[in-house]
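Okay, so here's the structure we're looking at.
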Amino acid sequence: MSAPHTPVERADFDQVIVPTFAPAAFVPVRGLGSRVWDQSGRELVDFAGGIAVNALGHAHPAMIAALTEQAGKLWHISNIYTNEPALRLAKKLVAATFADRAFFCNSGAEANESAFKLARRYAHDVYGPQKFEIISALNSFHGRTLFTVTVGGQSKYSDGFGPKIEGITHVPYNDLEALKAAISDKTCAVVLEPIQGESGILPGEQAYLEGARQLCNEHNALLIFDEVQTGLGRTGELFAYMHYGVTPDILTNAKSLGGGFPIGAMLTTNEIAAHFSVGTHGTTYGGNPLACAVAETVLDIVNTPEVLEGVKARHERFKARLLQIGERYGVFSQVRGRGLLIGCVLSDAWKGKAGAFWAAAEKEALMVLQAGPDVVRLAPSLIIDEADIDEGLDRFERAIATLTQA
Ligand SMILES: *Cc1c(COP(=O)(O)O)cnc(C)c1O
């Protein structure tokens with residue numbers, strides 16, 4: 001029997017948690033599918049999906065079964081040994097993608113950290129120590145470690161932590177000429193999100209991603225796609241690169257992969273993977289049996305035509321209604337994104353006010369996200385019911401009606 005719980009409330013956050021976040025006024029305690037309940041018993045519709053993580057919603061029975069079954073067998077064994085869930089998950093990811101090999105870790109930032117280190121090590125081994133420059137896009141987001149904030153194109157996240165990692169250049173996204181001007185034989189990697197997520201759900205243009213691939217080939221640079229947010233079915237293909245037919249050398253994924261259990265993965269080819277030999281990189285928890293057992297179940301369910309087609313169909317259902325709402329209240333200039341990664345771009349009159357939409361939605365018992373100050377982001381469960389979509393959109397419309405009348 002566990003000890004009785006100490007009563008806690010939102011106000012405790014301000015006393016005992018390091019203030020890196022400013023969470024909502026309510027405390028969620030339970031979820032089922034695309035509904036969440038808070039401490040007071042209020043029921044919310046979840047269009048936030050734990051920031052594009054809860055791919056199968058809350059408390060999915062297959063995930064609970066996978067987790068509890070594995071919990072009765074083996075939680076952790078370290079990478080001095082391998083384990084069955086990690087081997088099965090790697091085999092399935094390799095079978096489903098361009099990759100030959102997987103490296104498991106615990107988060108998106110760690111997956112990117114691994115990718116950037118691997119790209120540098122590969123260039124160092126194959127071409128020499130002068131080839132270490134990394135090019136990434138302005139406004140990109142790659143995580144919060146010192147290397148990943150430095151590669152990320154937002155100085156608000158990387159300034160003020162002392163000397164940055166050297167050799168990183170930022171270019172405007174979707175600007176092939178700028179990339180062409182920046183790339184050189186010193187470039188070891190170009191890192192791009194196929195859809196820029198955190199900074200506003202901005203999709204990469206076909207010609208841009210194709211051109212980036214071409215430029216990397218010409219300069220012996222690796223193309224890294226950060227699919228931490230876009231991967232594992234979020235966009236209606238298993239990975240967003242599949243929409244474009246542009247294959248990266250290294251791909252990173254996290255968020256939806258664990259469906260709520262922390263896991264990250266870096267996928268790459270045999271040739272590149274060989275440069276991470278024993279001891280060059282590592283992790284204590286990466287490939288943890290619990291995480292891999294859950295992720296295997298998420299992958300099994302998501303990587304089916306039913307679920308992936310369902311994501312595309314749900315996109316259309318969201319988009320039609322969001323366009324209607326945008327027009328009726330004059331709040332959106334554009335609804336963009338793919339699959340269930342949707343950005344409602346605020347019109348000029350509402351620019352900078354994504355936070356007000358987030359707060360107004362919460363008052364109507366709806367969870368949404370921001371993606372920068374100008375975009376309201378929706379990233380619900382990939383299997384959200386039509387009834388929940390409609391109910392959530394009704395609540396969203398009521399929130400916007402109230403907001404625009406105020
Ligand atoms: C969320 C995100 C990350 C960071 O993932 P963490 O799990 O928070 O470390 C990196 N890249 C992209 C594109 C993301 O959306």
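Note that ligands are numbered from 1 as they come in the structure, with each ligand's atoms numbered from 1 the same way.
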Legend entry - Exam field: side chain D388 to backbone R35, donor-acceptor pair closer than 3.5 Å: no
Legend entry - V228 N/O to ligand 1 N/O under 3.5 Å: no
Legend entry - F21 six-ring centre to R144 NZ/CZ under 6.0 Å and within 45° of normal: no
Legend entry - Test applied, side chain to side chain donor-acceptor pair (under 3.5 Å); reference residue, E198; option that passes from Q154, Q370, R377, H142: R377
Inset, instruction - Calculate, to the nearest 0.5 Å, the distance between atoms CZ and CG belonging to R120 and L222 respectively. - result: 12.5 Å
Inset, instruction - For atom 6 (P) of ligand 1, find the nearest protein heavy atom and state the residue, atom name and distance (0.1 Å precision). - result: G108 N, 3.4 Å
Legend entry - Ring centers of F225, Y241 separated by less than 6.0 Å: no
Inset, instruction - Could you say whether the N/O atoms of F141 and ligand 1 ever approach to under 3.5 Å? - result: yes
Inset, instruction - Could you tell me which atoms of ligand 1, counted from 1 in the order shown, lie closer than 4.0 angstrom to a heavy atom of S107? - result: 7 (O), 9 (O)
Inset, instruction - Determine whether the side chain, the backbone, both or neither of E193 has a heavy atom under 4.0 Å from any heavy atom of ligand 1. - result: side chain
Legend entry - Verdict with reasoning, F103 to T283, per side chain to side chain contact (heavy atoms under 4.5 Å, CB included): CA-CA 10 Å; F103 174 81; T283 159; 3.6 Å; yes
Inset, instruction - Enter the distance from T297:OG1 to I64:CD1 here, rounded to the nearest 0.5 Å. - result: 11.5 Å
Legend entry - A109, portion touching ligand 1 at heavy-atom distance under 4.0 Å: both
Legend entry - Mode of K255 contact toward ligand 1 - side chain, backbone, both, neither (heavy atoms, under 4.0 Å): side chain
Legend entry - For G143, the ligand 1 atoms whose distance to one of its heavy atoms is below 4.0 Å: 4 (C), 10 (C)
Legend entry - Atoms in ligand 1 with a heavy atom of H142 nearer than 4.0 Å: 10 (C), 11 (N)
Legend entry - Those atoms of ligand 1 less than 4.0 Å from some heavy atom in D226: 10 (C), 11 (N), 12 (C), 13 (C)
Legend entry - Modelled atom types, side-chain donor and acceptor of K164 and S158, under 3.5 Å: yes
Inset, instruction - Below 4.0 angstrom from a heavy atom of N112, which ligand 1 atoms are there? Numbered from 1 as shown, please. - result: 10 (C), 11 (N)
